[in-house]
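Working notes, beginning with the structure itself.
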Amino acid sequence: MNTQINGTDILELGFPEGKIIGIALKINTKINRFTRDEMIANFKNVLENPENYIDDKIFNKLAVALIEKSNEKPEDFIALNETPNAYSAYGLDHIEDGARKQMEVAMKLPVTVAGALMPDAHQGYGLPIGGVLATKNAIIPYGVGVDIGCRMALSVYDIPEDFYFENEAKFKRELISNSIFGAGHGFHGQYKSDHAVLENDAFNMNPFVKNLKDKAWSQLGSSGGGNHFVEFGIMEFAKDDAVLNIPKGKYVALLTHSGSRGMGATIAGQYTKIAKDVCKLPEVARNLAYLDMNSQLGQEYWMAMNLAGDYASACHEIIHNKMEKALGANILAKVENHHNFAWKEVWNGEEVIVHRKGASPAGKGVMGIIPGSMTAPGFLVRGKGEENAINSASHGAGRQMSRTKAIKSITQTEMKSILKDHGVTLIGAGLDEAPMAYKDIYQVMEAQQDLVDVVAKFIPKLVRMADDGSRED
């Protein structure tokens with residue numbers, strides 16, 4: 001039977017947003033005797049008279065959820081602030097309405113102190129990707145994000161540009177040999193890596209986190225799916241940089257982007273569910289449920305988040321150490337910065353929790369890497385410490401096309417053509433990561449001139465991503 005019904009169809013019938021849509025969609029995926037039109041009619045009847053379906057084998061859960069929803073009262077929820085402070089925004093003309101609306105809701109939380117929207121922003125779950133939110137004594141799991149501690153790591157080698165082009169096959173061989181990608185993928189037996197992070201006592205904080213250790217060990221030193229990558233490129237310093245002690249010139253560099261793999265995603269899912277149970281927010285803000293930092297649950301999540309961040313850093317360290325050894329090169333500079341995280345910082349004289357979901361720290365003098373796409377340059381930057389931006393900057397170019405839209409509208413021929421035009425060799429990746437799916441990095445950098453200074457430019461040349469595209473753990 002043809003019962004292909006999506007969330008939009010159910011919303012159009014008048015169902016309220018939130019978990020009820022999920023219940024209806026789950027019913028629709030089960031094998032039943034109804035055609036699509038019959039299922040739509042049934043959904044409509046349940047919505048109008050849920051009490052008639054309480055004992056129905058197929059629709060009982062949906063009926064109960066609708067009745068419970070109808071009995072909810074405003075006083076059952078934590079009230080939002082209907083006169084919130086304004087948030088700072090950069091490159092607002094190129095940010096979609098969905099991201100703006102999500103930021104507006106985040107500003108209404110009773111724990112919100114300040115907010116900012118970066119020029120690469122786009123819609124996510126809870127806080128928009130590219131959203132920065134400072135809160136008072138509260139931590140928001142979906143304000144951190146699913147891929148906790150996702151980060152960029154850069155190694156600049158004492159290898160001149162010409163050497164790369166003369167030995168591209170060697171770089172390709174080492175890239176394939178020393179990286180592994182994709183959902184569920186990891187190392188086994190003698191190929192597993194060891195790292196001090198595995199001895200972190202936070203793994204023993206509770207049975208839930210402890211049970212994640214074996215998978216974390218297997219995936220240690222691997223990279224995820226989606227937009228995660230390991231790539232070689234040319235780092236161009238237009239002038240001497242005294243702080244890094246690197247003379248003007250062009251050098252081979254390794255740039256990596258990945259996070260805390262399955263461990264971080266599982267932590268995010270568990271504590272988001274917990275936060276929603278203990279922090280009853282109105283439906284529009286439900287994904288921004290927070291935990292009090294003075295509570296045991298808040299402290300548990302804080303420790304788990306930091307553990308996931310340390311683990312993500314360890315994964316990059318292992319990749320970079322392997323590559324350094326394989327190339328036999330000296331490293332002139334290493335830079336690492338992370339997003340999808342929360343920090344304790346002082347803002348306007350008070351301690352706050354700063355959530356940077358898809359945004360980079362950019363305090364005065366803080367180094368960062370802002371990538372473009374597999375064909376567009378990335379930029380090594382130094383933060384200016386702009387208070388209006390809550391000492392933050394973008395974490396990349398940001399998507400201008402959803403993954404679904406990219407897959408439907410971009411062809412393999414188009415993708416191969418743009419790669420060839422830019423002299424980029426690609427290993428893996430799906431059409432959802434095509435360069436055209438991303439915003440113009442130059443436009444993004446233009447919008448954040450007040451936030452960072454550009455130190456050097458990175459030109460991708462050899463890029464590896466997950467063979468199974470956007471699929472993640």
Side-chain angles (χ1 to χ4, degrees), residues 7-8 11 16-18 21 78-135 138 140-147 227 272 281-290 339-342 347 352-362 370 386-406 437-452:
T8 302
L11 280 170
E17 290 187 25
I21 301 295
I78 296 169
L80 299 180
N81 177 10
E82 294 305 326
T83 56
N85 294 328
Y87 63 88
S88 301
Y90 300 86
L92 196 58
D93 290 345
H94 302 286
I95 297 175
E96 63 189 11
D97 287 342
R100 298 188 203 188
K101 289 175 182 176
Q102 285 187 317
M103 199 68 210
E104 288 165 6
V105 172
M107 293 303 295
K108 293 181 178 181
L109 294 179
V111 294
T112 293
V113 176
L117 202 55
M118 299 298 105
D120 61 336
H122 55 97
Q123 190 169 341
Y125 288 99
L127 195 65
I129 296 160
V132 182
L133 196 72
T135 59
I140 307 167
Y142 260 177
V144 169
V146 174
D147 192 9
N227 61 355
T272 294
L281 289 168
E283 196 67 54
V284 69
R286 192 164 178 263
N287 284 331
L288 291 166
Y290 51 85
H339 45 271
N340 291 7
F341 210 69
W347 192 85
V352 293
I353 306 298
V354 178
H355 303 73
R356 294 186 176 95
K357 185 178 181 183
S360 304
I370 301 175
E386 174 55 53
E387 282 205 8
N388 289 330
I390 317 178
N391 296 311
S392 306
S394 82
H395 81 313
R399 298 191 72 91
Q400 66 176 352
M401 224 183 265
S402 70
R403 293 189 181 281
T404 302
K405 184 178 179 182
Y438 285 86
K439 294 181 182 180
D440 182 343
I441 186 62
Y442 289 103
Q443 194 175 72
V444 170
M445 296 305 295
E446 175 75 19
Q448 57 186 342
Q449 289 185 77
D450 292 339
L451 312 185
V452 292

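For reference, positions follow the sequence shown, starting with 1.
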Taking only residues two or more places apart in sequence or in another chain, which ones pass side-chain contact (heavy atoms from CB on, under 4.5 Å) with [X]?
X    : answer
N81  : T83, P84
N85  : M107
E446 : Q449
L11  : E17, I21

Sort and list the pairs that fulfil side-chain hydrogen bond (donor to acceptor under 3.5 Å, both in side chains) and have at least one residue in residues 389-399, not counting sequence neighbours.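 side-chain hydrogen bond (donor to acceptor under 3.5 Å, both in side chains) check on residues 389-399 returns D120-H395, R356-S392, S394-Q448, R399-E433, R399-Y438.
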
So, do Y290 and I78 sit near enough that their side-chain heavy atoms are less than 4.5 Å apart?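 Side chain of Y290 against side chain of I78, heavy atoms only: contact under 4.5 Å found.
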
Is there a side-chain contact between I140 and T135 in this structure, where contact means two heavy atoms from C-beta onward sitting under 4.5 Å apart?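 Yes. Closest side-chain heavy atoms under 4.5 Å.
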
Nearest 0.5 Å, please: how far is [atom2] in [Y] from [atom1] in [X]?
X    : Y    : atom1 : atom2 : answer
K439 : H94  : NZ    : NE2   : 8.5 Å
D97  : E104 : CG    : CD    : 9.0 Å
Y90  : N388 : OH    : CG    : 5.0 Å

[Y] backbone acceptor or donor facing [X] side chain under 3.5 Å:
X    : Y    : result
Q102 : G124 : yes
K108 : A285 : no
N340 : G145 : no
T272 : N287 : no
K357 : Y125 : yes

Those residues that, when tested against Q400, pass side-chain hydrogen bond (donor to acceptor under 3.5 Å, both in side chains) (two or more places apart):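 Once residues adjacent in sequence are excluded, Q400 has no partner under the side-chain hydrogen bond (donor to acceptor under 3.5 Å, both in side chains) criterion.
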
Suppose we screen for side-chain hydrogen bond (donor to acceptor under 3.5 Å, both in side chains). Which residues come up paired with D450, at least two apart in sequence or across chains?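 Here no residue qualifies.
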
Looking at every heavy atom in both M445 and V452, which two are closest together, and how far apart are they?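 M445 and V452 have their closest heavy atoms at CE-CG2, 4.2 Å.
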
Could you work out, with salt bridge (charged side-chain N to carboxylate O under 4.0 Å, His left out) as the rule, every residue matching E283, not counting sequence neighbours?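 Here the qualifying residues are K69.
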
